[in-house]
Amino acid sequence: MTKQLITSALPYVNGLPHLGHLIGCHLPADVYARYLRQKGEEVLFIDGTDEHGTPSEVGAAKEGMDVEAYCKKYHDLHVKMYEGFNLSFDYFGRTSSEQNKEMTYRIFHALDKNGLIEERTTNQVYSPDDDRYLPDSYVMGTCPHCGYDKAKGDQCENCTKVLDPVDLINPRSVLSGSTNIEIRPTKHLFLQLPKLEAELEKWIETKKGIWPDIAYTVAKKWLKEGLKERGITRDLKWGFAVPKEGFENKVFYVWFDAPIGYIGITKQWADEDPANRNWEDWWLNASDVRHTEFMGKDNIPYHTISFPATLRGTGETWTEVSFLKGMNYLNFAGGKFSKSAHRGVFLDQALEEFPADYWRYWLIANAPESDDTSFSFEQFAATINKDLNDVLGNFINRVLKMTVANFGEVVPACGEITEAETELYALLDDTIKTYYNHMDGLEFRKAMADLREILVAGNNYLAKTEPWKAAKADLNRAGTILYTALNLIRLYARLIAPIMPATAERMNKVLNIETNPVWVPSKMAEELKTLTSGHHINQSEPLFQKILPERVEELRQKYKETE
RNA sequence: CGCGGGGUAGAGCAGUCCGGUAGCUUGCCAGGCUCAUAACCUGGAGGUCGUGAGGUUCAAAUCCCACCCCCGCAACCA
C-alpha cells in the first residue's frame, strides 16, 4: 500500500509566524494529513524550522544572544504555537540538527563526486563595520536608473529594475548604515543546474495537468529561461561548515540545506525509535511513497527545480515530490501581513482571541488557492457566526434539546423510514462523494463548500420533518427523526474531524462515542443507523459562541485593520 | 514589449481548458416555522463578467487582438 509522506515548507525560525504562514502551508498540510489518516492510510507528516542564514545571525545579534540559543528560543515558540493550532506533525524538527548535517554532507559529497559542483570566484559586498559579508538585499543606496535613494542591492523597489549592488550610488549597509563598503572577491561552490536541465524538463513535463497550474507554470518558466548554475555556499558563520579544502570558513547556503531538512528531520524522527522507524523507507529507493508538498507560491522554484536537481544529481533514487500544492498569499485587510512590521494577526494572538478551530475553519474555507485572499475580522465573524454557530452549532443544540425533552439522554428507537429519510440519504451520498473527490484533489475551498451543503442538509431535514410537531402527534415518528438527526451529528463529527479536530472531539463526547477512529463513510442508509437506540448520550452547552459586532470593532482597532 | 497568477451582484468566490438562458456563500428585502444560540426553512431584488460602440461566430465571462489595474516572481532575503 502506498505510504503518504506529507511535508510543509519549513518556516524560517526568525520571528513569529502569522495567519498567512499558517494557511500558506502548515494548515492545509495538517488537514490533508488528518484526512488521510482517517481513511486509514499510513502517513508521515514532517515539518520543522529552517534556521541557517543571515537573518538568524542578525536577529541573534539584535537580541544580544548567541545564534544557537536564539534559534532554540524561536524554534520552541514555533512549536508552542503549532501545538496550539493542533497541527499533527509526526515530527517537527530543525534544519540545524546533526541528522540534517549528516544528510547535507552525504548529498553534497555525492554531487561533488558526480562532477556537479564547481568553484567560482565572485565579488561580494563586505562591510568591515558589520564584520560580515552582506547579501545583495542588505545593501541600500541610490538607484542609478531612477535616483530612488532607498534602492536595494538586488532590485530597486521604485523602478523595479534588477540591480547589482555595485551599481548603487552611495551604497550603505542596511544593518548598520555604514557607508564603509568594500567589494571583495570570494570563492564559492556552484551547483551545475544546466547539466541536469534536460532531465528535469522531462520530469516536469510529466506533471502537466496533474500539479496545480501555478506549480507547473513556475517550473516551466525557469526551464524555459534556461537554468543557471547556483551558488550553494556563503560567507557566514551560522550554518554547516563546507567539508571541502579551501572552504573551511564558509557554510552551505540556507536554501541548499533547508529542503534537505525534510530528510534530515525524518531521520530525527527515526532516531527516536530506531527499532521501528527507518528514514530510508520514506526517502531512498522508496517506490511506494507518495510525497505531497505544501508551500507558499514563493517557494515553488526551489521545490520544483533546485531541490529535485539536488536529489537527482546524487545519482541515487530519492523520493521526489509527487504532488505539489502551491498556495497564494493571505493578505491582511487590503494590505499585507508583515513579520518585520509586526502587522497582522500572529499565531499567539490569534489563539488568545478565539479557539483554534474557529481559525482553522475560516482559513481552510477561504484558503488562497487560486488567488491572493484578504483576511478581515468582519468576514471572519460572519463566517464563524453563520457556518459554525447557526448552521452546525444550532443544529446540534436543537436536536439534543428535543431528544432530551422527549426521550431523555438516550438515542430513541428507529421506526419506519420514510421518503424524507431516503431523500436525505441520496443527497448526502452524492454530496459526500463530491466532498471526497475535492479533498483527494486538495481543492480545499470546494471541499468546504460541499461540507457546508452537508451541514445545511441537517437543518433542511428538520424543517421538512418537523419533529416538534411529531412529538405531539406521533412520538414514534419523532423518535425516528431524532434518531436520524443524532446519527447525522455523528456523521458531522467524523467529517469535520480533519478540519476542526477539537470540535469533533467535543461532539464525540456528547454522543458518547470513540474519537478519531479510522473511518470511511458507507452508504447513508447504513451510516445513519450506526448509533443504535438506547445508546446513552450527554447534554451539552452550545459548541460555539457568536462574535458580536462590538467585538469585531474592538478587534479591528486592536489589530489596526484598515479599510 | 521580462515571466506567471488575478480582475464576475455591496463583500467573498465558482464558472473560462471544451463558446449555448451568469451560478454559490454572505449581506439586504419579504414570507414560513416556533424545536433551537433572534437561530432554522423558502422566495425575491441586486451583475454592461477590468476596458475597447475591437475581432471571430448564428451565439463570447469563455476563443483572438490591444490596453489598464492588483499580486507574486525575476536565481545572494528566506
Side-chain angles (χ1 to χ4, degrees), chain A residues 9-15 50 52-56 58 122 124-125 133-139 152-155 160-162 164-165 174 188 193 209 213-214 216-218 220-222 224-225 227-231 233-235 253-255 258 296-302 305-306 326 328-329 331 334 336 339-340 365-366 368-374 376 378-379 382-383 385-391 393-403 405-406 445-446 448-449 452-453 456 458-464 466-471 478 481-482 485 541-546:
Chain A
L10 308 180
Y12 198 70
V13 73
N14 188 16
D50 174 18
H52 294 139
T54 306
S56 284
V58 172
T122 59
Q124 199 61 40
V125 178
Y133 283 89
L134 297 176
D136 290 354
S137 64
Y138 280 62
V139 186
K152 288 189 169 179
D154 54 350
Q155 181 179 22
T160 74
K161 284 211 167 64
V162 178
D164 199 273
V174 167
H188 281 293
L193 291 181
D213 281 352
I214 190 167
Y216 173 77
T217 52
V218 168
K220 281 299 274 189
K221 180 219 151 194
W222 275 52
K224 197 176 150 196
E225 289 177 3
L227 298 184
K228 299 168 193 164
E229 59 179 13
R230 188 173 172 82
T233 56
R234 293 289 183 274
D235 289 293
Y253 173 42
V254 57
W255 264 114
K297 56 182 165 183
D298 53 330
N299 266 249
I300 291 172
Y302 304 103
I305 302 292
S306 38
N328 287 280
Y329 287 152
N331 291 323
K336 281 182 193 176
K339 241 186 188 182
S340 47
N366 295 282
E369 288 178 297
S370 56
D371 192 10
D372 291 357
T373 295
S374 287
S376 77
E378 206 177 340
Q379 290 281 344
T383 302
N385 291 346
K386 188 71 187 172
D387 290 2
L388 297 191
N389 281 276
D390 299 348
V391 174
N394 184 46
F395 173 75
I396 294 167
N397 194 47
R398 61 201 294 216
V399 170
L400 287 177
K401 287 252 168 81
M402 265 189 281
T403 302
N406 292 290
R445 285 180 96 124
K446 288 181 179 173
M448 288 303 101
R452 197 180 181 287
E453 199 177 326
V456 167
N459 284 313
N460 236 320
Y461 173 66
L462 294 188
K464 266 182 207 144
E466 301 183 308
W468 52 91
K469 281 186 184 165
I481 296 164
L482 292 170
E541 291 299 303
L543 290 175
F544 306 101
Q545 283 192 325
K546 286 211 175 201

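Just so it is clear, the structure is predicted and the values come from calculations on it, not from any experiment. Letters A, B, ... are given to chains in the order of the sequence lines, protein chains preceding strands, and every chain is numbered from 1.
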**Report entry** Donor-acceptor pair between A:Lys297 and A:Asn328 side chains, under 3.5 angstrom
**Finding:** yes
Requested in this report: Check the side chains of A:Tyr12 and A:Ser56 for a donor-acceptor pair under 3.5 angstrom, ignoring hydrogens and angles.
Outcome: yes
If the [atom1] atom of [N] is compared with that of [M], how far apart are they to the nearest Å?
N: B:A60; M: B:G50; atom1: P; result: 15 Å
N: B:U42; M: B:A61; atom1: P; result: 30 Å
N: B:A22; M: B:C68; atom1: C1'; result: 24 Å
N: B:G10; M: B:C28; atom1: P; result: 15 Å
N: B:G6; M: B:C40; atom1: C1'; result: 37 Å
N: B:G44; M: B:U26; atom1: P; result: 15 Å
N: B:C13; M: B:U8; atom1: C1'; result: 9 Å
N: B:G23; M: B:U16; atom1: P; result: 15 Å

Restricting both atoms to N or O, compile the protein contacts to nucleotides 35-38 of chain B shorter than 3.5 Å, with distance only.
residue	atom	partner	partner atom	Å
B:C35	O2	A:Arg398	NE	3.1
B:C35	N3	A:Arg398	NE	3.4
B:C35	N3	A:Arg398	NH2	2.5
B:C35	N4	A:Arg398	NH2	3.0
B:A36	O3'	A:Asn397	ND2	2.8
B:A36	O2'	A:Asn394	OD1	2.5
B:A36	O2'	A:Asn397	ND2	3.0
B:A36	N1	A:Arg398	NH2	3.4
B:A36	N3	A:Asn394	ND2	3.3
B:A36	N3	A:Arg398	NE	2.9
B:U37	OP1	A:Lys401	NZ	2.8
B:U37	N3	A:Asn389	OD1	3.3
B:U37	N3	A:Phe544	O	3.4

Give the minimum heavy-atom separation between [X] and [Y], together with the two atoms involved.
X: A:Tyr461; Y: A:Ile481; result: OH-CA, 3.5 Å
X: A:Pro135; Y: A:Thr54; result: CG-OG1, 3.5 Å
X: A:Ile305; Y: A:Leu227; result: CG2-CD2, 3.7 Å
X: A:Arg445; Y: A:Asn366; result: NH1-O, 3.6 Å
X: A:Ala258; Y: A:Leu10; result: O-CD1, 3.2 Å
X: A:Met402; Y: A:Pro467; result: SD-CG, 3.8 Å

Query raised in the report: Any side-chain heavy atom of A:Asp136 sitting closer than 4.5 Å to one from A:Gln124?
Result: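 Side-chain contact under 4.5 Å: yes.
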Short side-chain N/O contact to [N] OP1/OP2 from [X], under 4.0 Å:
X: A:Lys469; N: B:U34; value: yes
X: A:Arg452; N: B:U26; value: yes
X: A:Lys446; N: B:G15; value: yes
X: A:Ser376; N: B:G12; value: no
X: A:Lys386; N: B:C40; value: yes

Query raised in the report: When you look at A:Trp468 and A:Arg398, which way does the side chain to side chain contact (heavy atoms under 4.5 Å, CB included) test go after all the steps?
Result: CA-CA 10 Å; A:Trp468 52 91; A:Arg398 61 201 294 216; 3.8 Å; yes
Query raised in the report: How would you label the contact of A:Asn366 with the nucleic acid (heavy atoms, under 4.0 Å): base, sugar-phosphate, or nothing?
Result: sugar-phosphate
Requested in this report: Pick base, sugar-phosphate or nothing for A:Leu227, based on heavy-atom distances below 4.0 Å to the nucleic acid.
Outcome: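 Base contact.
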Query raised in the report: Among all residues two or more places apart in sequence or in another chain, which pass the ring pair (Phe, Tyr, Trp, His ring centres under 6.0 Å) test with A:Phe395?
Result: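 Expected list: A:Tyr492.
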Requested in this report: Please say whether more than 12 non-hydrogen atoms of neighbouring residues, nucleotides or ligands are located less than 6.0 Å from CD in A:Glu229.
Outcome: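 Yes - once you tally the heavy atoms of other residues, nucleotides and ligands closer than 6.0 Å, there are more than 12.
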Query raised in the report: Taking everything shown except A:Glu466 itself, do over 12 heavy atoms lie less than 6.0 Å from its CD?
Result: yes
Can you tell me the distance, in whole Å, between the [atom1] atom of [X] and the [atom2] atom of [N]?
X: A:Asp387; N: B:G27; atom1: CG; atom2: C1'; value: 14 Å
X: A:Arg445; N: B:G15; atom1: CZ; atom2: P; value: 11 Å
X: A:Glu453; N: B:C13; atom1: CD; atom2: P; value: 20 Å

Report task. Hey, could you give me the CG/OG1 distance between A:Asp235 and A:Thr122, rounded to the nearest 0.5 Å? Result ->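 Spacing of CG (A:Asp235) from OG1 (A:Thr122) equals 7.5 Å.
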Query raised in the report: Could you give the distance from CD1 (A:Ile396) to CZ (A:Phe544), rounded to the nearest 0.5 Å?
Result: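 The CD1 atom of A:Ile396 sits 6.5 Å away from the CZ atom of A:Phe544.
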Query raised in the report: Nucleotide by nucleotide, 5' to 3', does protein get under 4.0 Å of the base (B), only the sugar-phosphate (S), or neither (-) in nucleotides 1-7 of chain B, counting heavy atoms?
Result: -BSSSS-
When both hydrogen-bonding distances must be under 3.5 Å and the geometry is Watson-Crick or G-U wobble, what is [N] paired with, if anything?
N: B:C73; answer: B:G2
N: B:U34; answer: none
N: B:A53; answer: none
N: B:G43; answer: B:C29

Query - Of A:Ala449 and A:Glu369, the one whose closest RNA chain B nucleotide lies more 5' - result: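 Whichever sits nearer the 5' end wins; that is A:Glu369.
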Query - Single hit among A:Asp390, A:Asn385, A:Asn389 for side chain to side chain donor-acceptor pair (under 3.5 Å) with A:Lys546 - result: A:Asp390
Are any protein N/O atoms closer than 3.5 Å to N/O atoms in nucleotides 8-10 of chain B? If there are, list each pair with its distance.
none

Can you check nucleotides 76-78 of chain B for protein contacts, nitrogen or oxygen pairs under 3.5 Å, and list what you find?
residue	atom	partner	partner atom	Å
B:C76	O4'	A:Arg234	NH2	3.1
B:C76	O2'	A:Asp136	OD1	3.3
B:C76	O2'	A:Asp136	OD2	2.3
B:C76	O2	A:Gln124	NE2	2.8
B:C76	N3	A:Gln124	OE1	2.5
B:C76	N3	A:Gln124	NE2	3.0
B:C76	N4	A:Thr122	OG1	3.4
B:C76	N4	A:Gln124	OE1	2.8
B:C77	OP2	A:Ser137	OG	3.3
B:C77	OP2	A:Asp154	OD2	3.2
B:C77	O4'	A:Ser137	OG	2.9
B:A78	OP2	A:Tyr253	OH	3.1
B:A78	O3'	A:Asp50	OD2	2.7
B:A78	N7	A:Trp255	NE1	3.3
B:A78	N6	A:Tyr302	OH	2.6

Polar-atom pairs under 3.5 Å, protein N or O versus N or O of nucleotides 30-32 of chain B: list them with distances, or write none.
none

Requested in this report: Take A:Tyr253 and A:His188 through the side chain to side chain contact (heavy atoms under 4.5 Å, CB included) test and state the conclusion after the steps.
Outcome: CA-CA 10 Å; A:Tyr253 173 42; A:His188 281 293; over 6 Å; no
Query - Check: A:His52 side chain, A:Val254 main-chain N or O, donor-acceptor pair, under 3.5 Å - result: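 Here the side-chain-to-backbone pair does not exist.
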